[in-house]
Structures are given as C-alpha cells and as structure tokens.
Amino acid sequence: MAEAGEFTFAPLGGVGEIGMNLSVYGFANPRQRSWLAVDLGVSFGDEEHLPGIDTIMPDISFLVKERKNLVGLVLTHAHEDHFGAIIDLWPRLKCPIYATKFSAALFEAKCAAERNPPKIPVTVVPSGGRIELGPFGVEFIPVAHSIPESHALAIHTAAGTALHTGDWKLDPTPVTGPPTDERRLRELGDAGVLALVGDSTNAVRDGRSPSETEVAKTIIELVKAAKGRVAVTTFASNVARIRAVADAARASGREVVVVGRAMDRVVQVARETGYLDGVQNFRSAELYGHFPPDKVLALCTGSQGEPRAALARIANDDHPQVTLNKGDCVIFSSRTIPGNEKAVGSIINGLITQGVEVITDRTHLVHVSGHPRRDELRDLIGWVRPQLLIPVHGEALHLFEHAKLARAAGVPKVLICRNGDQVKLGPGEPGIIDEVPSGRLYKDGTILEDSKSRAVVERRRMAFAGCAFVALAMDEKGELADDPEIELIGIPEKNAAGEVLDDIVFDVIVSTVEGLPRARRRDPDALAESVRRAVRASVNEHWGKKPLCFVHVLMV
C-alpha cells in the first residue's frame, strides 16, 4: 500500500440526480496520483425536453485526461444507471474493469446484443472478495438490492477507508442472494471508517423498505385469484421478482411466457449464473396463443412505458403474438420512475379501455424499492460510525434529508457536494478542495453530443416552434429570378383568422426583398439575414411563436 497521502472523492454523475452514476476516488502520494472509478451509468432522455435523445451519460473528459493514472473501473452492480454507459465510453478510457460474476455475465450479454460492440474485457471478482488496484484495496461487501450481486465497496487506503454503499437496502428475507452483510459492516465500523458515501434515494421515506418475500406472497395470491390471462411487468433486471412470478405461475398451474428481449437476456444470464436454479423452464412468446387463458402468464418488459417494449405494444393491440381481452389482468410489479408517469399512464389507460384489470403498487404490495428508508439509513450509520458522511444518489431533497438524518444520528461531519466537486476525505479536515470537469453527454442515434451541441439545442427549439425553410434565387441585378420556395414544418396552416400562413410568409419575403437597397440584395448573407428576421417576426405576429428559420440564397 502507498505511503500516507491525500484521499479524495469526486462525483461526476449521480449527485443532485438519480441515475448516471460515476464516482472517482483519488489518492496522491509524493510520487504519483492515482484514480479509481466506481460505476459508469446512464440516465434516460425526456422527450419533452430532449427530443430524440435516448440516453444521457456523464462527461468523462477528466478521466480521459488522467487515463494513465486510472487504475480501474469497479462496478457495484449491473443496473443501467450504474453500468449502462460503458459500451459507449470505455473506448475512451481502455481501463481494466472489475465486477462480480452476475454483473460480468449480464454485461457480456448486453455487449452481444449490440451491432458492433468493442471488445471490453472484464475481470471477475468473487462476492466478498478484495482486489488491490494501485494504492486502493477494494473490498466487495454483499448488500441486498433489486438485482443479484449488488455490493457496497470498502475502499481501503493508507489514509483511511471509505465505504461506497452503491444501491442497497436491509432485507432479512431476500428472494435471491444473501442479505446485506451486517457482520462485515460492523467490523469495518470497529476498525474505523473515514467516510460513508451513501445512497439517498429513499431518505425522505420513514420506516423500512418491505421485503421481497412479502411481494412474492402478494403476487402468488393475485395470480391464483385471476380467472383469465395474466401479464406481469417488472424491471427486467429484478431476478428475485422473476423468480417470484415463476413461483406464482407454478402454484396456479400456469406456464410462464417471456415477452421482450431485455427480459429474455436477463433470464438467460440468471439461469447461467444459478439464480434461477429450481425454476421451471419458461416458454417463448410464439407459444403464448397455444395455452388456455387460465394456464398462461406473460412476463413482459415495458414497466416504464417504453414505446417499443412489449407491454406498450400489447396495450396498443399491435403485438404480433400476445393479446389481452376483457377479464384479463396486468400486474405492474414496479414503480414508475419520475418522468415516466405520462407514458405509463397512457399504457394503463390503453389496457383499461380493452377491459383489462390493472393492478399497481397503489392498491397492492406488488413492488418494493431496492433502496433504504430512514430507519435503514440509521442502522447503517450506527454500524459503520463514519467520521464523514456524503449523501449521493439522489436529487437535492434526498441529499438534504439524508444529511439532516446523519447529523441527528451523530455523524461528526456531513458534507453535501455537487457533480464535479473534489472532496478531500483525509487526512485532516475534510472539505471541498477543487472542482474537476463534469457535465453531460447525449446519445443521439449513434453519436455522442455534449449539452451545447447544435443538434440538441435546435431540436428542442424545433419541437417547440417548428421550422421555416426559404430558398431565394436572385439575378445579377439584385432582382428575384423566380418565386421564393417556402416550406413550413411544424407550423399551423392557418392563423386564427383563417388566413393561410404560407401565403402570408410568401408576401413578407417578397416585400422584404423589394424593400431592401439593391446593394444589400446582391449580398447573399445580408439578404438571408433580413429575410430570416422578417419571416420569424411575421410568423410570431400570426401564431405567437418564433420558429427556426433557414434561408438559402442562390445568385444566378
């Protein structure tokens, strides 16, 4: 281990937001600074504010610059908000990746589903194991969460130990995997923990998160009581929930049909890694129609309202193999991620219109969070007794409430930071000491763009106020050689008085050109700018919105 030096922490994503997690730990000794990255995830685009953007990723320019000092990327677990950006961003880093067996297998399957994925090697670490990466000793401590093999990371250095919780909860009876390792966490506390960097997702909720076992009981009761077909939708990565659904199907004499590629992929990986041992074989979607209504259960993707996922297509009655009818039942064994409410509501309304009964967590215990509520946060603080607590993985309210709880629990120092803040953990007094580059990258088709990119900015404006295209042909005397060509896209055909906007814009263009001095008409750039301003002003007068406007001038 390196001689004593400065131990730091810098979030590049996942603070002040839920999703897009990327944390960087630094250790500087007299000879060299080393960096350790933890997780590399995505968040998802909002069609209202970011039309056409599928995923959002953290800006890794800081790590790219420090690549020669980057000792590795360690994964806490295999949720998209923690590992979904690796395929796109790893080629810029080319650093070693370390993960446990299930996470590595799910990542391999994710790569295999891509068209031309880069070859990304992953070193498999045993659950509960420890690896040495430069000045860091990284220990994988099992915690309960909504996907197998979630781990808190104890990051040991010569300056002290930081506990990075990842996503966790205290579930004494998880359906798959072990409970959170209380014994090891208490041992760490006894040895001394410099800093606890902790999940804040449910810091606003009192009490404790219910157990997966309680959800499994509810699902069995609901499936047994159902008379017609049953469909269950959940996060594809929730293997415990998949197992619970399989048990409910078996208890009620139903076959499980898997519908959706993401669900297929997770089921395959879970079988390969032993997490579905003893669970009956599932059937493919092509066989759905072969079973009587009371003998089939469809396990579907689409719990978040994704328009191309299985459940959206079923709700729209355009799925090629799976249909639901009056008297059938759909169970949403999930929570709606903030921002997806409209999309999920649209699917629920579509199902109800078809006469399908919809069951959600508003009326039944069909979903539990994978994150700790306030009593669980207090337990962890009591076991670990950190000198410093940094709330992460949450929006401003979550971070504030977690910090307030930590102070009330007696943590000596609590620090709220933002993405890009570099925090000194030790030795000595902790605090924010620097700022490193941070930001967002947008996945636009196959291209990664930054937040100031032309495409992202202009598409947002086009979505709000449409676009006008104008082409002008001018002769050498500065006269119009032909009528202007106009195309208005996303702009109403008529104004409130019923007048055709194309005609209004045409007249404005002609009068603008004819009203300009001849010298200005012979200057293509000056002419284009004058026409652009006139068209935007005219449309705004008749519609109340200013569209984007592009003017092309051809001198003939």
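All values derive from a computational prediction rather than experimental measurement.
- Between the side chain of K424 and the backbone N or O of P427, at least one donor-acceptor pair lies under 3.5 Å.
- Side-chain atoms of T213 come within 3.5 Å of backbone N or O of T173 as a donor-acceptor pair.
- Ion pair E66/R33 not flagged as a salt bridge, since none of the NZ, NE, NH1 or NH2 atoms sits closer than 4.0 Å to an Asp/Glu carboxylate oxygen.
- A salt bridge links D379 with R208: at least one charged nitrogen is closer than 4.0 Å to a carboxylate oxygen.
- With R243 contributing its side chain and Y275 its backbone, the two residues share a donor-acceptor pair below 3.5 Å.
- Taking 4.5 Å as the limit, some side-chain heavy atom of M462 sits within range of a side-chain heavy atom of L548.
- Annotation for F550: atom CZ counts as buried by contact number, over 12 foreign heavy atoms lying within 6.0 Å.
- Between K110 and E114 there is no salt bridge, since no side-chain nitrogen of the basic residue lies less than 4.0 Å from a carboxylate oxygen of the acidic one.
- From E272, atom CD reaches atom CG of L106 across 10.0 Å, with rounding to the nearest 0.5 Å.
- Side chain of Q304 to backbone of I337: a donor-acceptor contact under 3.5 angstrom is found.
- In the model, S334 has no side-chain atom that pairs as donor or acceptor with a side-chain atom of H367 under 3.5 Å.
- Under a cut-off of 6.0 angstrom, the local environment of NZ in K545 is crowded, with over 12 non-hydrogen atoms contributed by other residues, nucleotides or ligands.
- Considering only heavy atoms from C-beta on, L196 stays 4.5 Å or farther from I390 through its side chain.
- Residues E376 and N202 fail the side-chain proximity criterion, which asks for heavy atoms closer than 4.5 Å.
- Under a 3.5 Å cut-off, the side chain of H145 and the backbone N or O of G370 do form a donor-acceptor pair.
- S146 and N238 share no side-chain donor-acceptor pair at under 3.5 Å.
- A donor and an acceptor atom, one from each side chain of D167 and S150, are nowhere located under 3.5 Å apart.
- R440 and E17 are joined by a salt bridge, as a carboxylate oxygen and a charged side-chain nitrogen come within less than 4.0 angstrom of each other.
- Panel note: side chain S333, backbone V366; a donor-acceptor pair is recorded below 3.5 Å.
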| task | Check step by step if side chain to side chain contact (heavy atoms under 4.5 Å, CB included) holds for M57 and L448. | result | CA-CA 9 Å; M57 305 178 194; L448 287 178; 3.9 Å; yes

| task | Walk me through it: do D81 and H393 pass the test side chain to side chain contact (heavy atoms under 4.5 Å, CB included)? | result | CA-CA 10 Å; D81 61 329; H393 204 290; 3.6 Å; yes

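- You'll find the side chain of L425 stays beyond 4.5 Å of the side chain of P430, heavy atoms only.
- There is no side-chain donor-acceptor pair under 3.5 Å between D199 and T165.
- Applying the side chain to side chain donor-acceptor pair (under 3.5 Å) test between E139 and each of R184, H151, R130 identifies R184 as the sole match.
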| field | Audit row: F140, T76, side chain to side chain contact (heavy atoms under 4.5 Å, CB included) steps and yes/no | value | CA-CA 8 Å; F140 288 71; T76 58; over 6 Å; no

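- Remark: K443 engages D88 in a salt bridge, criterion side-chain N to carboxylate O under 4.0 Å.
- A salt bridge links E429 to K413: one of the charged nitrogens lies within less than 4.0 Å of a carboxylate oxygen.
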| field | Derivation and outcome, ring pair (Phe, Tyr, Trp, His ring centres under 6.0 Å), residues F83 and H77 | value | CA-CA 8 Å; F83 89 148; H77 65 290; 8.6 Å; no

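- For H79 and F235, the ring centers sit 6.0 Å or farther from each other.
- A centroid separation of 6.0 Å or more is found between the aromatic rings of H371 and H398.
- Taking the side chain as every heavy atom from C-beta outward, I155 and T161 never approach each other to under 4.5 Å.
- Electrostatic pairing of D375 and R378 counts as a salt bridge here, judged by a charged N lying under 4.0 Å from a carboxylate O.
- When atom types are taken as modelled, the side chain of R241 and the backbone of T233 share no donor-acceptor pair closer than 3.5 angstrom.
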| query | Passes ring pair (Phe, Tyr, Trp, His ring centres under 6.0 Å), F27 versus W35? Steps please. | reply | CA-CA 7 Å; F27 191 87; W35 301 102; over 10 Å; no

| request: Report the C-alpha separation of E306 and R313 in whole Å, then their side-chain angles, then the decisive distance to 0.1 Å, and conclude whether the salt bridge (charged side-chain N to carboxylate O under 4.0 Å, His left out) test is met. | output: CA-CA 10 Å; E306 304 92 326; R313 300 186 67 187; over 6 Å; no

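- Between the side chain of E149 and the backbone N or O of K101, at least one donor-acceptor pair lies under 3.5 Å.
- Remark: the backbone N or O of A144 is paired with a side-chain donor or acceptor of T180 at under 3.5 angstrom.
- Two residues are said to be in side-chain contact when any heavy atoms from C-beta on lie closer than 4.5 Å; L12 and N419 fail this criterion.
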| Would R385 and D190 satisfy salt bridge (charged side-chain N to carboxylate O under 4.0 Å, His left out), going step by step from the backbone distance to the final call? | CA-CA 8 Å; R385 305 186 300 283; D190 292 342; 2.8 Å; yes

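- For CD of E341, the number of neighbouring non-hydrogen atoms (other residues, nucleotides, ligands) closer than 6.0 Å is greater than 12.
- No donor-acceptor pair under 3.5 Å is formed between the side chain of S200 and the backbone N or O of H402.
- Here the options are L73, V71, L36, the test is side-chain contact (heavy atoms from CB on, under 4.5 Å), and the partner is C95; only L73 passes.
- Side-chain contact check for S303 versus L311: every heavy-atom pair is 4.5 Å or farther apart.
- Within the 4.5 Å cutoff, no side-chain heavy atoms of L40 are placed close to those of N21.
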